[in-house]
Amino acid sequence: MELKEIKELIKLVSEAEVSEVEVEKGDFKIAIKKIDERTTYVQAAPVMQQAPAPMQVNIPAAPAAPVAATPPAPVANTSNLITIKSPMIGTFYKSSTPDKPAFINVGDEIKVGSVLCIVEAMKLFNEIESEVSGKVVKILVENASPVEYDQPLFLVEPQ
């Protein structure tokens, strides 16, 4: 792996919302981990035992750009809302392809079995279906963003 490629990986991890990346290319393996918001830790080690010792580099990450605070849209009485959560870790997608419309939007009526979104996990695209009927009040996740297991995705007003 070229030094230029390693620098690009470090920059990618510093700017992205990921905390760690591992890449294996032939007999070369590199792991880049964020220790905290200001430091990126890089450890490269060859897969074969004869190669030199691991390389460690500490590079300060670029400071995050300030985000303008936008007040959330008011949602009427949230005590009666149902939260639909992610059943797996992966990447959240609102539609099956970038050029197709979203499966659902705020204000849409959904039924049990309606496809709500796709969560990509390990190159598998899993359609997430609704287990409730109601009206979508809020979508809590941005398109193409990573989601965790049990992370809230949608707020639904039951029917």
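For residues 121-137, there are no side-chain hydrogen bond (donor to acceptor under 3.5 Å, both in side chains) pairs, not counting sequence neighbours. Within the structure, the side-chain hydrogen bond (donor to acceptor under 3.5 Å, both in side chains) test picks out the following pairs touching residues 146-159 (sequence neighbours left out): Glu109-Gln159.
Across all non-hydrogen atoms, the minimal contact from Thr83 to Leu155 is OG1-CD2, 3.4 Å.
Using a 4.5 Å heavy-atom threshold, the side chains of Val115 and Phe103 count as touching. Using a 4.5 Å heavy-atom threshold, the side chains of Phe125 and Val119 count as separate.
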Begin from the C-alpha positions of Phe154 and Ile82 and carry the test side-chain contact (heavy atoms from CB on, under 4.5 Å) through to its verdict. CA-CA 8 Å; Phe154 304 97; Ile82 296 172; over 6 Å; no
Verdict with supporting geometry, Val147 and Ile89, side-chain contact (heavy atoms from CB on, under 4.5 Å): CA-CA 6 Å; Val147 292; Ile89 296 172; over 6 Å; no
side-chain contact (heavy atoms from CB on, under 4.5 Å) between Val137 and Val156, worked out: CA-CA 5 Å; Val137 175; Val156 177; over 6 Å; no
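Just one residue in the list Leu116, Asp108, Val106 forms a side-chain contact (heavy atoms from CB on, under 4.5 Å) with Ile139, and that residue is Val106.
Between the CG atom of Leu153 and the CD1 atom of Ile84 there is a distance of 8.0 Å, given to the nearest 0.5 Å. In this structure, NZ in Lys85 is found 14.5 Å from CD1 in Ile128, a value given to the nearest 0.5 Å.
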Would you be so kind as to tabulate the donor-acceptor pairs closer than 3.5 Å made by side chains of residues 90-101, with sequence neighbours excluded?
| from | atom 1 | to | atom 2 | distance (Å) |
| --- | --- | --- | --- | --- |
| Tyr93 | OH | Glu120 | OE1 | 3.3 |
| Ser95 | OG | Thr97 | O | 2.8 |
| Ser95 | OG | Lys100 | O | 3.4 |
| Thr97 | OG1 | Asp99 | OD1 | 2.6 |

